[in-house]
Amino acid sequence: MRRLAQGFYARPVVEVARELIGCVIEHDHVSGVIVETEAYHDSEPASHAFIGLTLRTATLFGPPGRLYVYRSYGIHALMNAVTEAEGVGAAVLIRALEPVDGIEIMRRRRGLERVEDLCSGPGKLSQALGVGLSYNGVDLASGPVAIGPRPRAWRQVQILAGPRIGITKAVTLPWRFWVANSRFVSR
DNA sequence: CATGGGATTGACT
DNA sequence: GTCAATCCCATGC
(Lines give C-alpha, C1' and ligand atoms only; values in the text may rest on other atoms or scores of the structure.)
Protein backbone atom coordinates (compact mmCIF):
# COMPACT_ATOMS: atom_id res chain seq x y z
CA MET A 1 0.00 0.00 0.00
CA ARG A 2 1.20 3.51 -0.86
CA ARG A 3 1.65 5.49 2.35
CA LEU A 4 0.85 9.08 3.26
CA ALA A 5 4.07 11.08 3.40
CA GLN A 6 5.35 12.95 6.47
CA GLY A 7 4.18 16.22 4.92
CA PHE A 8 0.57 15.09 5.26
CA TYR A 9 0.97 15.04 9.05
CA ALA A 10 3.05 18.22 9.33
CA ARG A 11 -0.07 20.44 9.21
CA PRO A 12 -2.69 21.75 11.67
CA VAL A 13 -4.04 18.80 13.66
CA VAL A 14 -7.74 19.55 13.07
CA GLU A 15 -7.15 19.56 9.32
CA VAL A 16 -5.30 16.25 9.50
CA ALA A 17 -8.02 14.72 11.70
CA ARG A 18 -10.65 15.58 9.11
CA GLU A 19 -8.57 14.33 6.17
CA LEU A 20 -7.68 11.02 7.81
CA ILE A 21 -11.35 10.05 7.51
CA GLY A 22 -11.60 7.54 4.66
CA CYS A 23 -7.90 6.65 4.74
CA VAL A 24 -6.78 3.04 5.19
CA ILE A 25 -4.79 1.83 8.21
CA GLU A 26 -2.99 -1.49 7.99
CA HIS A 27 -0.92 -3.75 10.22
CA ASP A 28 0.34 -7.21 9.26
CA HIS A 29 -2.27 -7.81 6.51
CA VAL A 30 -5.15 -6.66 8.73
CA SER A 31 -6.71 -3.37 7.65
CA GLY A 32 -9.67 -1.03 7.85
CA VAL A 33 -10.91 2.36 6.67
CA ILE A 34 -10.79 5.14 9.27
CA VAL A 35 -14.36 6.34 9.94
CA GLU A 36 -13.90 8.36 13.17
CA THR A 37 -11.10 10.58 14.53
CA GLU A 38 -10.46 13.25 17.17
CA ALA A 39 -7.89 16.05 17.26
CA TYR A 40 -5.83 16.91 20.38
CA HIS A 41 -3.48 19.88 20.74
CA ASP A 42 -1.16 21.04 23.54
CA SER A 43 -2.99 24.38 23.72
CA GLU A 44 -6.15 22.81 25.19
CA PRO A 45 -6.49 20.92 28.51
CA ALA A 46 -8.02 17.70 27.16
CA SER A 47 -4.70 16.89 25.46
CA HIS A 48 -2.07 14.80 27.23
CA ALA A 49 0.43 17.30 25.83
CA PHE A 50 -1.18 20.16 27.80
CA ILE A 51 1.14 19.49 30.76
CA GLY A 52 4.19 19.93 28.55
CA LEU A 53 7.07 17.67 27.62
CA THR A 54 7.36 14.65 29.94
CA LEU A 55 8.41 11.05 29.46
CA ARG A 56 4.82 10.16 28.58
CA THR A 57 4.29 12.97 26.08
CA ALA A 58 7.69 12.76 24.36
CA THR A 59 6.23 11.08 21.26
CA LEU A 60 3.54 13.79 20.98
CA PHE A 61 6.18 16.51 20.86
CA GLY A 62 8.37 14.55 18.45
CA PRO A 63 8.36 14.58 14.64
CA PRO A 64 5.03 14.27 12.77
CA GLY A 65 4.03 11.02 11.12
CA ARG A 66 4.81 8.83 14.12
CA LEU A 67 2.41 6.67 16.11
CA TYR A 68 1.59 7.66 19.71
CA VAL A 69 0.23 4.70 21.69
CA TYR A 70 -0.69 4.87 25.38
CA ARG A 71 -2.59 2.78 27.90
CA SER A 72 -6.05 3.98 28.83
CA TYR A 73 -7.84 3.01 32.06
CA GLY A 74 -5.14 0.44 32.68
CA ILE A 75 -6.59 -1.83 30.03
CA HIS A 76 -6.68 -0.49 26.48
CA ALA A 77 -4.07 0.74 24.02
CA LEU A 78 -5.13 3.87 22.13
CA MET A 79 -3.52 4.87 18.83
CA ASN A 80 -2.80 8.38 17.57
CA ALA A 81 -1.03 9.85 14.56
CA VAL A 82 1.37 12.62 15.64
CA THR A 83 0.92 15.87 13.68
CA GLU A 84 2.28 19.42 13.31
CA ALA A 85 5.90 20.49 13.61
CA GLU A 86 8.36 18.83 15.96
CA GLY A 87 8.11 20.64 19.29
CA VAL A 88 4.31 20.99 19.06
CA GLY A 89 2.30 18.39 20.99
CA ALA A 90 -0.56 17.46 18.67
CA ALA A 91 -2.05 14.18 17.50
CA VAL A 92 -5.12 12.59 15.94
CA LEU A 93 -6.80 9.81 17.91
CA ILE A 94 -8.06 7.02 15.66
CA ARG A 95 -11.46 6.15 17.12
CA ALA A 96 -13.12 3.70 14.72
CA LEU A 97 -12.54 1.67 11.55
CA GLU A 98 -14.68 -0.08 9.01
CA PRO A 99 -12.94 -3.49 8.79
CA VAL A 100 -11.61 -4.42 5.34
CA ASP A 101 -8.94 -7.16 5.39
CA GLY A 102 -8.25 -9.87 7.98
CA ILE A 103 -11.73 -9.85 9.47
CA GLU A 104 -11.35 -13.44 10.71
CA ILE A 105 -8.11 -12.46 12.48
CA MET A 106 -9.94 -9.51 14.05
CA ARG A 107 -12.74 -11.80 15.24
CA ARG A 108 -10.22 -14.11 16.86
CA ARG A 109 -8.38 -11.26 18.61
CA ARG A 110 -11.61 -9.65 19.80
CA GLY A 111 -13.47 -12.85 20.67
CA LEU A 112 -16.54 -11.43 18.92
CA GLU A 113 -18.39 -12.15 15.69
CA ARG A 114 -20.29 -9.02 14.64
CA VAL A 115 -18.26 -6.92 12.19
CA GLU A 116 -19.75 -3.77 13.71
CA ASP A 117 -18.20 -4.65 17.10
CA LEU A 118 -14.64 -5.30 15.91
CA CYS A 119 -13.29 -1.74 15.50
CA SER A 120 -16.06 0.60 16.72
CA GLY A 121 -13.97 2.24 19.44
CA PRO A 122 -10.34 3.26 20.01
CA GLY A 123 -9.50 0.38 22.36
CA LYS A 124 -11.30 -2.12 20.16
CA LEU A 125 -9.49 -1.24 16.95
CA SER A 126 -6.03 -1.45 18.55
CA GLN A 127 -6.86 -4.94 19.78
CA ALA A 128 -8.28 -5.95 16.38
CA LEU A 129 -5.18 -4.67 14.57
CA GLY A 130 -2.82 -6.30 17.07
CA VAL A 131 -1.18 -2.98 18.01
CA GLY A 132 0.05 -2.56 21.59
CA LEU A 133 2.08 -0.16 23.70
CA SER A 134 5.37 -1.32 22.20
CA TYR A 135 4.35 0.46 18.97
CA ASN A 136 4.64 3.87 20.60
CA GLY A 137 6.91 6.02 18.45
CA VAL A 138 7.01 3.89 15.29
CA ASP A 139 7.23 5.78 11.99
CA LEU A 140 4.03 5.53 9.92
CA ALA A 141 6.04 6.09 6.73
CA SER A 142 8.33 3.09 7.21
CA GLY A 143 7.28 1.07 10.27
CA PRO A 144 4.97 -1.91 10.84
CA VAL A 145 1.80 0.22 10.86
CA ALA A 146 0.89 1.95 7.58
CA ILE A 147 -1.69 4.59 6.68
CA GLY A 148 -2.59 5.01 3.01
CA PRO A 149 -4.68 7.53 1.06
CA ARG A 150 -8.44 7.32 0.59
CA PRO A 151 -9.65 4.75 -1.91
CA ARG A 152 -11.65 6.36 -4.73
CA ALA A 153 -14.97 5.22 -3.27
CA TRP A 154 -14.24 7.08 -0.03
CA ARG A 155 -13.36 10.46 -1.53
CA GLN A 156 -16.92 11.78 -1.61
CA VAL A 157 -18.30 10.57 1.74
CA GLN A 158 -20.02 13.11 3.95
CA ILE A 159 -17.96 14.00 7.03
CA LEU A 160 -19.61 15.41 10.14
CA ALA A 161 -17.97 17.25 13.06
CA GLY A 162 -18.94 17.47 16.73
CA PRO A 163 -17.64 17.45 20.33
CA ARG A 164 -15.11 14.84 21.45
CA ILE A 165 -16.12 11.84 23.56
CA GLY A 166 -15.03 10.68 27.01
CA ILE A 167 -13.17 13.82 28.10
CA THR A 168 -13.80 16.15 31.05
CA LYS A 169 -12.06 19.32 29.82
CA ALA A 170 -12.56 21.45 26.70
CA VAL A 171 -15.68 19.40 26.07
CA THR A 172 -17.27 21.76 23.57
CA LEU A 173 -14.57 21.97 20.89
CA PRO A 174 -15.98 20.33 17.73
CA TRP A 175 -12.82 18.32 17.09
CA ARG A 176 -14.38 14.92 16.48
CA PHE A 177 -14.96 13.83 12.89
CA TRP A 178 -16.90 10.87 11.56
CA VAL A 179 -18.49 9.44 8.42
CA ALA A 180 -22.20 10.28 8.21
CA ASN A 181 -24.47 7.23 8.64
CA SER A 182 -21.61 4.77 9.17
CA ARG A 183 -22.50 1.63 11.19
CA PHE A 184 -18.87 1.42 12.33
CA VAL A 185 -18.41 4.59 14.42
CA SER A 186 -18.23 4.27 18.23
CA ARG A 187 -21.27 4.35 20.50
C1' DC B 1 7.72 5.65 47.92
C1' DA B 2 2.31 6.31 47.87
C1' DT B 3 -1.39 8.11 45.66
C1' DG B 4 -4.84 9.44 42.13
C1' DG B 5 -6.80 9.85 37.66
C1' DG B 6 -7.82 8.57 33.01
C1' DA B 7 -8.87 10.29 25.00
C1' DT B 8 -12.65 2.74 27.52
C1' DT B 9 -15.09 -1.39 27.46
C1' DG B 10 -18.26 -5.02 28.62
C1' DA B 11 -21.25 -6.90 31.97
C1' DC B 12 -25.04 -6.13 34.60
C1' DT B 13 -29.69 -3.77 36.75
C1' DG C 1 -28.94 3.60 32.97
C1' DT C 2 -24.61 2.11 36.52
C1' DC C 3 -20.10 0.26 37.61
C1' DA C 4 -15.65 -2.20 38.08
C1' DA C 5 -11.39 -3.73 35.90
C1' DT C 6 -6.44 -2.40 35.76
C1' DC C 7 -1.80 -0.01 35.02
C1' DC C 8 1.10 3.69 33.52
C1' DC C 9 2.70 7.91 34.70
C1' DA C 10 2.79 12.52 36.97
C1' DT C 11 2.86 14.55 41.22
C1' DG C 12 3.74 15.22 46.09
C1' DC C 13 5.61 13.83 50.47
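Proteins get letters first, then strands, A, B, ... in listed order; numbering begins at 1 in each. Only a predicted model underlies this, so the values are computations on that prediction, with no experimental measurement involved.
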## Note on the structure
Leu78(A) atom CG is separated from dC8(C) atom P, nearest whole Å, by 15 Å

### Query
Taking the six-membered ring for Trp, are Tyr40(A) and His48(A) ring centroids under 6.0 Å apart?
no

### Query
Is a side-chain donor or acceptor of Glu26(A) paired with a backbone partner of Ile147(A) at a separation under 3.5 angstrom?
no

### Message
Just checking Phe50(A) against His41(A), ring centres under 6.0 Å apart?
### Response
no

#### Entry: Members of residues 42-55 of chain A that approach DNA chain B, where some heavy atom sits under 4.0 Å away
Ala46(A), His48(A)

### Query
Over how many whole Å does the gap from Leu133(A) atom CG to dC8(C) atom P extend?
7 Å

### Task
Please tell me which of the listed nucleotides, dT8(B), dG6(B), dA10(C), lies nearest to the side chain of Arg56(A)?
dA10(C)

### Separation of atom CD in Glu36(A) from atom P in dT8(B), rounded to whole Å
10 Å

### Task
Could you say whether Thr57(A) or Arg71(A) is positioned toward the 5' end of DNA chain C, judged by the nucleotide with the nearest heavy atom to each?
Arg71(A)

### Query
Between residues 80-103 of chain A and DNA chain C, which residues have a heavy-atom gap below 4.0 Å?
none

### Query
Between His27(A) and Leu129(A), is there a donor-acceptor pair closer than 3.5 Å when you use the side chain of the first and the backbone of the second?
yes

### Message
Return the pairing partner of dA7(B) with a 3.5 Å limit on both distances, Watson-Crick or G-U wobble; otherwise return none.
### Response
none

### Query
Hey, is the main chain of Pro64(A) close enough, under 3.5 Å, to the side chain of Gln6(A) for a donor-acceptor pair?
yes

### Message
Rounded to whole Å, how long is the line connecting atom CZ of Phe177(A) with atom P of dA7(B)?
### Response
19 Å

### Message
Quick one: does any side-chain atom of Arg114(A) pair with a main-chain N or O of Leu118(A) as donor and acceptor, under 3.5 Å?
### Response
no

### Task
Any pair with a residue in residues 137-183 of chain A that passes ring pair (Phe, Tyr, Trp, His ring centres under 6.0 Å), sequence neighbours left out, goes on the list, sorted by first then second residue, please.
none

### Query
Is a salt bridge present between Arg95(A) and Glu38(A), judged by a nitrogen-to-oxygen distance below 4.0 Å?
yes

Can you tabulate the close N/O pairs, meaning under 3.5 Å, that link protein atoms to atoms of nucleotides 10-13 of chain B?
unit_1, atom_1, unit_2, atom_2, d
dG10(B), OP1, Arg110(A), NH1, 3.0
dG10(B), OP1, Arg110(A), NH2, 2.9

#### Entry: N-O pairing of Arg164(A) and Glu44(A) below 4.0 Å
yes

### Query
Counting N and O atoms only, with roles assigned by atom type, does the side chain of Asn80(A) sit under 3.5 Å from a partner on the main chain of Val82(A), one being a donor and the other an acceptor?
no

### Task
Can you check each nucleotide of nucleotides 1-6 of chain C against protein heavy atoms at under 4.0 Å and return B for base, S for sugar-phosphate only, - for none, in 5' to 3' order?
----BB

### Task
Return yes when atom CZ of Arg2(A) has more than 12 non-hydrogen atoms of other residues, nucleotides or ligands closer than 6.0 Å, and no otherwise.
no

### Query
Among all residues two or more places apart in sequence or in another chain, which pass the salt bridge (Lys or Arg N to Asp or Glu O under 4.0 Å) test with Glu19(A)?
Arg11(A)

### Task
Would you mind reading off the distance between Leu60(A) atom CG and dA10(C) atom P, rounded to a whole angstrom?
11 Å

#### Entry: Gly162(A) backbone acceptor or donor facing Arg176(A) side chain under 3.5 Å
no

